[in-house]
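Okay, structure first, notes after.
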There are 2 protein chains.
Amino acid sequence: MSAYEKLKRATEKGLHICVGLDTDKDKIPAHLLSTDNPMLEFNKVVIQNTFEDAAAYKINFAFYESEGIKGIETMIGTLKLIPDSILVIADAKRGDIGNTSKKYAQSVYDYYKYDSVTLQPYMGYDSVSPFLEYKDKLNFILSLTSNPSSNDFEKLNLSGGRFLYQEVIAKINEWNKFNNCGIVFGATNSDELKLNMNNLKNLPLLLPGVGAQGGSLKSIVDLFDNVDYHDYLINISRGLLYVDDSYNFGMQIKSKLIEYNNLIKSILNS
Amino acid sequence: MSAYEKLKRATEKGLHICVGLDTDKDKIPAHLLSTDNPMLEFNKVVIQNTFEDAAAYKINFAFYESEGIKGIETMIGTLKLIPDSILVIADAKRGDIGNTSKKYAQSVYDYYKYDSVTLQPYMGYDSVSPFLEYKDKLNFILSLTSNPSSNDFEKLNLSGGRFLYQEVIAKINEWNKFNNCGIVFGATNSDELKLNMNNLKNLPLLLPGVGAQGGSLKSIVDLFDNVDYHDYLINISRGLLYVDDSYNFGMQIKSKLIEYNNLIKSILNS
């Protein structure tokens, strides 16, 4: 199944929440800390309790790389726990000159066998093109991010009148020859998202920033109500993973995810 | 020794070549392929033959990550082979929202214990600040890169009249409170480098792109002749690593590096 088919399979069921596995060993429930691999045990419980209601999973590389080789082993172990029918995004924010990006693409797509990746746009087309050659994958390129410092460069005005992030969106549309590009747009920027809905040309969207970063789920989903735009994923990490630290944390995460799904359904069906 | 002290130690000796360990298992001499870890054996020979004449080493993460866990083990093994007095740069092009960049910084600086890193500027200050908190390290932030597609965004005109990459340089100077920022400037852009020498404010420079990417060593070094700017590293990867594939490739690499150093000295002392 291609990455896009996996995405479609979820969104056609009305599922839009991407579960962000930003697994922080300092935040996981204490009773797991005596196990051989607490991060992997935590992810196992999260996945067992969310796979029926999640639209996708996003694995944040930094949280695994910071643990070195053991962290990489945890990432590999985690990937094995996710059903093959669910889209899995490598949140790695990669991007470099062509021959180097080719190696990063081999790492993400050939070695780990992810369905999808997040990419940096700064260095331009040849820095993302080795990823785009994988036609069955889905390459989410940053346009406007969810962090406060997105003001520093992304929101700068270009001489032609557009903001930099809008120029990036225009370029992503040019680069989308194989229909395997997507756009990262921070959910903290719901005003800008509203203004740019037409520029996004129905490309798959990855919308991080709901919850801990201050983005409101309702204000984002409202924008997709009564419009013909369905390929979007709203990532939630901290707002799901750490809702509870009891022995029952898995059930609590499941309940929270269902609560989010019900909120989305209530908005879209209203 | 701080990263800056290591850099200074090299440049005060007139050494400016950074040896880029973009070790590609498809390009290393055939006689190494029967060893247990050909990439590590190759790096060992390279380091043994260059450590006396190299200003620094730059390890390109993509070439190791593409080999998975074995590649990470090769990276760790390689780091152990480099004398502690020499600056080692993690060419990882990292950058993400604050809590994630903090984890990337832990990976590069706490786990691997690199002296230095390359960073993406696109997401702005809070995406690099967790790295800047490591005061004894050296954080090279991309401004104008060496690849052809640097035209796509980096050379766009902002409404104020500057190019985007110039705005990035200005911001890096603002962010340099702990004197631990550097700038990546592609050696393929020698005209732009000349025009911006004053804007760079003597910050440490990492200049990739000489050799395989078309940048000329002479045209770069000419810019530093008779000016009071000494903290610069010219990275050469493919133009050193693959000059020879015989049993004597180590000696050939050593000769080539000395040849580069002599060219630099002849320009600076002319």
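Quick note on labels: first sequence line is chain A, next is B, and so on, each numbered from 1. All values below were derived from every heavy atom in this structure, side-chain atoms included, with hydrogens, water molecules and symmetry-related copies excluded.
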Region of T145(A) in contact with chain B, defined by heavy-atom distances below 4.5 Å
side chain
Side chain from CB out, backbone as N, CA, C, O: work out which of these in I76(A) comes under 4.5 Å of a heavy atom of chain B, or both, or neither.
side chain
Proximity breakdown for D91(A) and chain B, heavy-atom pairs closer than 4.5 Å
both
Chain B heavy atoms under 4.5 Å from N60(A): which part of the residue, side chain, backbone, both or neither?
side chain
Need one label for Y64(A): side chain, backbone, both or neither, based on atoms under 4.5 Å from any heavy atom in chain B.
neither
For the side chain of D126(A) and the backbone of I97(A), is there at least one donor-acceptor N/O pair under 3.5 Å apart?
no
So, Y165(A) versus N199(A): side-chain donor-acceptor pair below 3.5 Å or not?
no
P121(A) versus chain B, the contacting section by heavy-atom distance below 4.5 Å:
both
Please classify the contact between Q120(A) and chain B as side chain, backbone, both or neither, with a heavy-atom cut-off of under 4.5 Å.
side chain
Would you say the side-chain atoms of N176(B) pair up with the backbone N or O of C181(B), donor to acceptor, closer than 3.5 Å?
yes
Honestly, the part of S101(B) sitting under 4.5 Å from a heavy atom of chain A is neither
Side chain, backbone, both or neither: which part of V108(B) has a heavy atom under 4.5 Å from chain A?
neither
Where on K171(A) is there a heavy atom nearer than 4.5 Å to chain B: the side chain, the backbone, both, or neither?
side chain
